[in-house]
Structures are given as C-alpha cells and as structure tokens.
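Accompanying notes for the structure given below.
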Amino acid sequence: MTPAVKLSILVPVYNEAKTVQRAVKRVLDVNFPCQVEVVIVDDASTDGTAELIDQLHDERLIKLRHPANRGKTAAILTAAATGDFMVPLDADLEYQPEEIPTLLGPVLSGEAEVVYGNRGFGSHSAYSFWYVMGNKAVTTFANVLFNAYIADLETCFKLMPLELLRSLNITSSGFGMEAEITGKLLARGIRPFEVPITYKARSREAGKKITWRDGVQALWILGRIRLAKRPAR
C-alpha cells in the first residue's frame with residue numbers, strides 16, 4: 001500500500017436499489033494499493049435506495065443524502081471527500097470497481113495526474129449503435145476544437161486530483177458534467193492519460209438514462225468552453 005496517496009471514490013446514487021449494495025460491496029472488496037474512502041451521495045432516491053445504503057457498514061464509507069434531487073453534478077460536488085485524488089463510480093455496475101487500481105497505476109508511477117478509463121465498445125458492451133456513434137462524435141468534436149486526441153470523453157472513470165476537479169468550477173448538470181470536465185481540462189492543456197477498461201451498458205428498460213439531447217448539450221458546452229478565454233494552466 002502507498003500511504004502517501006489517498007483516493008476518494010465518489011458514488012452518486014439515484015434510484016439504484018437493484019445494484020447499489022452490490023456495487024459498494026464490490027468496491028470495498030478491491031485490494032487497493034493506497035488508502036481509500038468511499039463517499040456515497042444519495043440524490044433523494046425514492047425507491048428504497050437510502051434504506052439499503054443505511055445497511056452498509058464499513059469504516060471507509062461516508063454516507064450523504066440530498067433532501068431533494070439535484071442531479072449527478074451536485075452529488076459529485078457535495079461529496080465530503082478528503083482524498084488527494086478522486087474518481088467517480090456510478091452505482092449501476094456498468095463499470096467494474098475492480099479496475100480502479102488500473103487507473104491508479106499511472107498516478108502512482110508518476111506518469112500522469114489525470115487518468116481516463118477508455119471503454120472498448122463491442123457487441124456485448126454497447127447500448128446501441130447510435131449511443132456509440134454519439135459518444136464518438138462528441139469525443140471527435142472535442143479533439144478538433146482543442147487539437148487533442150482522446151478516445152472516450154464521456155467515460156465515468158475520470159481519475160484526477162481532487163483539488164483540480166474543484167478548481168474547474170463545474171456548473172453543468174447531468175451528463176453535461178462529463179463534457180465540461182474534459183473541455184476545461186483540454187482548455188488548460190491537460191491531456192488525460194487513458195487506460196483500457198471493460199464496460200457493459202445496461203438497457204433502457206434496466207434504467208439507462210442518457211439520450212440524444214445529452215449529446216447536443218455536450219457539443220454546446222464544448223463549443224462554449226473553446227470560445228471562452230483560455231485560462232492559464
């Protein structure tokens with residue numbers, strides 16, 4: 001274990017009663033190479049999620065709850081995290097908690113401070129053709145705007161220093177947060193280090209929430225950031 005680094009795993013939750021306990025237990029079972037804390041923020045769930053979170057007990061857990069639904073961005077920013085680095089983890093089990101140490105590797109070796117998990121979309125992991133094409137279109141748009149090359153802008157696995165995240169002053173709600181984080185990083189000249197991860201998209205019936213409107217919002221956010229004055233790194 002590397003005691004000099006502490007990782008905060010931020011778990012925003014909204015109506016994930018079917019998976020939240022399994023997701024958190026899988027995180028806690030991971031053999032991390034550094035100290036970790038798991039910050040769960042229930043965004044005013046109405047399906048019994050809060051009661052299931054209350055049943056989880058571990059000294060590494062921090063549990064918070066919004067009295068009213070405020071969206072994923074608010075849940076991430078509400079998280080009372082104390083780590084040197086942070087990484088979000090959705091509670092729907094589309095991402096594998098066991099792969100978080102893979103993202104930590106480049107940080108602990110000194111190769112990078114910002115690490116993205118790059119999803120390899122395949123027939124078994126893609127929600128739909130248009131979902132994958134939409135993700136690629138938004139990512140390509142960002143690459144053109146900022147003269148960069150990243151493979152997966154919309155990935156949930158974005159590991160970075162906690163203070164860096166807070167300095168970005170993210171204001172977008174919902175999935176727009178992913179575009180705003182990446183756009184502001186690229187605008188500062190920060191290029192994420194990418195590592196391959198596995199991914200299994202759930203169906204609309206199982207609770208998939210993203211729509212084409214989120215893609216349009218992401219393009220608008222990226223364009224707005226590019227047209228703004230580029231901040232100093």
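Between the Ser167 side chain and the Leu164 main chain, a donor and an acceptor come within less than 3.5 Å of each other. Remark: side-chain polar atoms of Glu37 are not paired, donor with acceptor, to backbone N or O of Ile62 under 3.5 angstrom. Remark: side-chain polar atoms of Ser45 are paired, donor with acceptor, to backbone N or O of Asn15 under 3.5 angstrom. Side-chain atoms of Glu180 come within 3.5 Å of backbone atoms of Thr171 as a donor-acceptor pair (strictly under, hydrogens ignored). Remark: side-chain polar atoms of Thr139 are paired, donor with acceptor, to backbone N or O of Leu153 under 3.5 angstrom. A donor-acceptor contact shorter than 3.5 Å links the side chain of Ser109 to the backbone of Pro106. Distance alone, capped at 3.5 Å, is enough to place a donor-acceptor pair between the Thr155 side chain and the Gly117 backbone. Proximity of a side-chain donor or acceptor of Asn143 to a complementary backbone N or O of Ile150 within less than 3.5 Å is detected.
Rounding to the nearest 0.5 Å gives a distance of 11.0 Å between CZ of Arg119 and CD of Glu194. Atom CD1 of residue Ile190 and atom CG of residue Leu185 lie 5.0 Å apart, to the nearest 0.5 angstrom. To the nearest 0.5 Å, atom CG of residue Asn147 and atom CZ of residue Arg226 are 9.0 Å apart. Once rounded to the nearest 0.5 Å, the distance linking CE of Met160 with CD1 of Ile181 reads 5.0 Å. Separation of atoms CD1 (Ile40) and CG (Leu89) is listed at 10.0 Å; rounding is to 0.5 Å. Once rounded to the nearest 0.5 Å, the distance linking CD1 of Ile197 with OG1 of Thr102 reads 9.0 Å.
A salt bridge links Glu178 with Lys158: the closest approach of a Lys/Arg side-chain nitrogen to an acidic carboxylate oxygen falls below 4.0 angstrom. Note on Lys72 versus Asp90: salt bridge recorded, some NZ/NE/NH1/NH2 to OD/OE distance being below 4.0 Å.
The minimum heavy-atom distance between Gly71 and Asp43, with the atom names listed, is N-OD2, 2.7 Å. The shortest heavy-atom contact between Asn69 and Ala44 is N-CB, 3.4 Å. The minimum heavy-atom distance between Leu52 and Ala17, with the atom names listed, is CD1-O, 3.3 Å. Closest of all the heavy-atom pairs between Val138 and Ala218 is CG1-CB, 3.9 Å. Across all non-hydrogen atoms, the minimal contact from Leu10 to Ala81 is CD2-CB, 3.8 Å. The two residues Ala91 and Thr19 make their nearest non-hydrogen contact at O-OG1, 2.6 Å.
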TODO: Could you give me the CA-CA distance, side-chain angles and deciding distance for Tyr149 and Arg191, then say whether side chain to side chain donor-acceptor pair (under 3.5 Å) is met?
DONE: CA-CA 8 Å; Tyr149 189 80; Arg191 301 295 187 258; over 6 Å; no
Task: Full working for side-chain contact (heavy atoms from CB on, under 4.5 Å) between His57 and Lys63 - done: CA-CA 10 Å; His57 301 285; Lys63 306 173 191 176; 4.2 Å; yes
TODO: Under the side-chain contact (heavy atoms from CB on, under 4.5 Å) rule, what do Leu7 and Leu159 come out as? Steps first, then yes or no, please.
DONE: CA-CA 9 Å; Leu7 177 66; Leu159 188 148; 4.0 Å; yes
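Follow the hydrophobic side-chain contacts under 4.5 Å out from Ile9 and you reach Val5 in the same cluster. Residues Ile100 and Phe193 share a hydrophobic cluster, clusters being chains of Ile/Leu/Val/Met/Phe/Trp/Tyr side chains in contact below 4.5 Å. Under the 4.5 Å side-chain heavy-atom criterion for Ile, Leu, Val, Met, Phe, Trp and Tyr, Leu93 and Leu56 are members of distinct hydrophobic clusters. No continuous path of hydrophobic side-chain contacts links Val144 to Trp220 [ILVMFWY only; heavy atoms under 4.5 Å]. By the rule that hydrophobic residues join a cluster once side-chain heavy atoms approach within less than 4.5 Å of another member, Leu64 and Leu165 end up as members of one cluster.
No side-chain donor-acceptor contact under 3.5 Å links Gln35 and Arg60.
Between Tyr116 and Phe157, the distance separating the two ring centers is not shorter than 6.0 angstrom.
Within the 4.5 Å cutoff, the side chain of Pro12 has no heavy atoms near those of the Met177 side chain.
More than 12 heavy atoms of other shown residues, nucleotides or ligands fall within 6.0 angstrom of atom CG in Asp29.
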